[in-house]
Number of protein chains: 2
Amino acid sequence: MGRRGEHSKSEIECMALEAAEAIIEGEGFDALSARKVASAIGYTVGSLYFVFRNLDELIQRINGRTLDQLYAGLIEALSDCRHPQQCIYALGGGYLAFAARHPHRWRMIFEQQPRDDNLSIEIYQEKMDRLYELMEIQLKALAACPEEEVFIATRALWSGLQGVASMTIGRKPDREEEQWAQKLSRHLIGHYLAGLGTTQFNSRVNQSVGRLIDCPK
Amino acid sequence: MGRRGEHSKSEIECMALEAAEAIIEGEGFDALSARKVASAIGYTVGSLYFVFRNLDELIQRINGRTLDQLYAGLIEALSDCRHPQQCIYALGGGYLAFAARHPHRWRMIFEQQPRDDNLSIEIYQEKMDRLYELMEIQLKALAACPEEEVFIATRALWSGLQGVASMTIGRKPDREEEQWAQKLSRHLIGHYLAGLGTTQFNSRVNQSVGRLIDCPK
DNA sequence: AGTAAAAATGAACATCATTTAATAAAACAT
DNA sequence: ATGTTTTATTAAATGATGTTCATTTTTACT
């Protein structure tokens, strides 16, 4: 096969992905370059283009792997919780823990839009849906959540978690930043779910409290 | 003054900012380059570096202006609402409307971390705090929100909105994407506030419902 | 008019992603 | 074993980027 016969095409592919991930984790996304990846695996830059169409493809592959790892992490996080509400907290905690542990790779998923005519984010849609599903299952198991609202509730909760991560992760190289993120997450989930469990019959109650007003349709 | 005596230093600065903003709005952030900005205002690239230290500084200036415009937009959005809860919906609506109308510039605020030793996001802290304050005022006016939780509730709500925007805006060049964002926003705010109004005395109630579990401290 | 300061330029440098012609090694055929 | 084709790999070339700097041009002042 290869000139040195040392590595097959898929081996080089794998080495390149791992080298690139190491660069990103260590020095951030801006430090990534084709030449750096190539020399890290002992090849020249041209060989990278023999394996990947371009850098965007390599980045997309890394993002795919990251999403897979995230999914595995969330499955793991779900392993020691029973009640659906506990599971939802676990999903939030697992997501923020992952984002805090891999801030650069986590940011890359959302911030790198390929400039090709490739359908930008659509590529991850399947992997994203798989993540959504984890939340959807828990919400369906939650009597407090009316069936027809599960779809939007899933998106609302994930969006909330995404926002918490976006506002806290990777800004400072702090240790406390994850704790703050976790606190925000639990607060948001807690109150949202409480509201979800009451809003079906509390519009009158709230008005009697004198302040709450229905959300404009 | 200037060679052609036509523009003062601050005039060139202003022209450059506007030209750069036009490029970003029209072609996206990746299309921005020093040479393109320079030629758009009828100067050469060197002159840009006479006014800005580097491109990062120009980007930071644009981000500052964007945050100012966003603040003005939110003040405007607050003008026709009375009850604090209405105002919170208005803040969400205003934020998403702005993000949908200026997706590239909105994304730039959060996605462009300068690689200088400049304290990345800290520069916007003041302008950010001003935005937070708008929410804080409404939450304080909301009897449903206990005083000591206003701080975290403010961050939770803004994070939620940020997440909604992040998950919806700029992905597709669609018209409906803002409507979906608005729907998600209203849903999230509505249920969160409902929960905020009840969670102070409902932990027992929820347990009696048989599903809800207190948020782990 | 002559000089110093300021403003503006354009060329140069280093780096980047990407392409391509040339080369080396392996696989296969005869 | 030898010649041919296929594949893997390289090094150089291209064009664009941010940034710097010596040089030129214009203005302001003496």
Side-chain angles (χ1 to χ4, degrees), chain A residues 1-17 19-21 23-24 27-63 104 108 111-118 120, chain B residues 1-17 19-21 23-24 27-63 104 108 111-118 120:
Chain A
M1 309 276 175
R3 173 185 181 180
R4 316 196 194 129
E6 295 182 30
H7 306 108
S8 72
K9 204 164 163 178
S10 66
E11 277 174 329
I12 294 180
E13 194 176 303
C14 187
M15 289 162 60
L17 289 173
E21 283 167 359
I23 292 170
I24 292 165
E27 313 171 54
F29 171 76
D30 289 336
L32 185 73
S33 81
R35 285 170 173 80
K36 202 179 280 188
V37 172
S39 84
I41 63 175
Y43 282 82
T44 54
V45 60
S47 297
L48 266 192
Y49 287 83
F50 185 68
V51 174
F52 301 99
R53 230 166 354 120
N54 49 36
L55 263 202
D56 275 348
E57 184 172 301
L58 183 142
I59 290 169
Q60 276 175 32
R61 294 289 303 276
I62 292 178
N63 285 342
H104 291 124
M108 208 171 78
E111 298 183 1
Q112 249 47 46
Q113 62 250 11
R115 33 211 156 296
D116 292 5
D117 44 2
N118 296 335
S120 61
Chain B
M1 309 276 173
R3 174 186 182 179
R4 316 200 193 124
E6 295 181 28
H7 306 108
S8 73
K9 202 165 164 178
S10 66
E11 276 174 332
I12 294 179
E13 194 176 303
C14 187
M15 289 162 60
L17 289 173
E21 283 167 359
I23 292 170
I24 291 165
E27 313 171 55
F29 172 76
D30 288 335
L32 186 73
S33 81
R35 285 170 172 83
K36 202 181 280 190
V37 172
S39 84
I41 63 175
Y43 283 82
T44 55
V45 59
S47 298
L48 264 192
Y49 286 82
F50 186 68
V51 175
F52 301 98
R53 231 167 355 121
N54 48 36
L55 264 201
D56 274 348
E57 184 172 302
L58 183 142
I59 290 169
Q60 276 175 32
R61 294 289 303 279
I62 292 178
N63 284 343
H104 291 125
M108 208 171 76
E111 298 183 1
Q112 250 47 48
Q113 61 249 11
R115 35 213 155 293
D116 292 5
D117 44 2
N118 296 335
S120 60

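Numbered from 1 within each chain, the chains take letters A, B, ... in sequence-line order. Treat the numbers as computed from the prediction; the structure is a model and nothing was measured.
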Review point. Under 4.5 Å between any side-chain heavy atoms of Leu17(A) and Val37(A), yes or no?
Key: no
Please give, in whole Å, the distance from [N] [atom2] to [X] [atom1]?
X         : N       : atom1 : atom2 : result
Glu13(A)  : dA8(D)  : CD    : P     : 13 Å
Phe50(A)  : dT19(C) : CZ    : C1'   : 15 Å
Lys9(B)   : dT27(D) : NZ    : C1'   : 16 Å
Gln112(A) : dA17(C) : CD    : P     : 12 Å
Asp30(A)  : dC16(C) : CG    : P     : 11 Å
Met15(B)  : dA7(C)  : CE    : C1'   : 14 Å
His7(A)   : dA26(C) : NE2   : C1'   : 17 Å
Leu48(B)  : dT9(C)  : CG    : P     : 10 Å

Study note, to complete from the structure: In terms of heavy-atom contacts, Phe50(B) and Lys9(B) come closest through O-CE, 3.6 Å
Point to revise | Pair listing, salt bridge (charged side-chain N to carboxylate O under 4.0 Å, His left out) test, anchored in residues 31-42 of chain B, at least two apart | key: Glu27(B)-Lys36(B)
Exercise for review: For Asn54(A) and Glu57(A), indicate whether the former's side chain and the latter's backbone hold a donor-acceptor pair under 3.5 Å.
Suggested key: yes
Check your understanding: Under 3.5 Å, is there a donor-acceptor pair between the side chain of His104(B) and the main chain of Phe29(B)?
Key -> no
**Study point:** Residues in side-chain hydrogen bond (donor to acceptor under 3.5 Å, both in side chains) contact with Glu11(B), at least two apart in sequence or another chain
**Key:** none
With 3.5 Å as the limit, what N/O pairs link the protein to nucleotides 11-18 of chain D?
residue: dG18(D); atom: OP1; partner: Ala34(B); partner atom: N; Å: 3.4
residue: dG18(D); atom: OP2; partner: Ala34(B); partner atom: N; Å: 3.1
residue: dG18(D); atom: N7; partner: Arg35(B); partner atom: NH1; Å: 2.7
residue: dG18(D); atom: O6; partner: Arg35(B); partner atom: NH2; Å: 2.9

Check your understanding: Which part of the nucleic acid, if any, lies within reach of Leu58(B) when heavy atoms closer than 4.0 Å are counted: base, sugar-phosphate only, or nothing?
Key -> nothing
Check your understanding: dA7(C) phosphate, OP1 or OP2: any side-chain N/O from Ser47(B) under 4.0 angstrom?
Key -> no
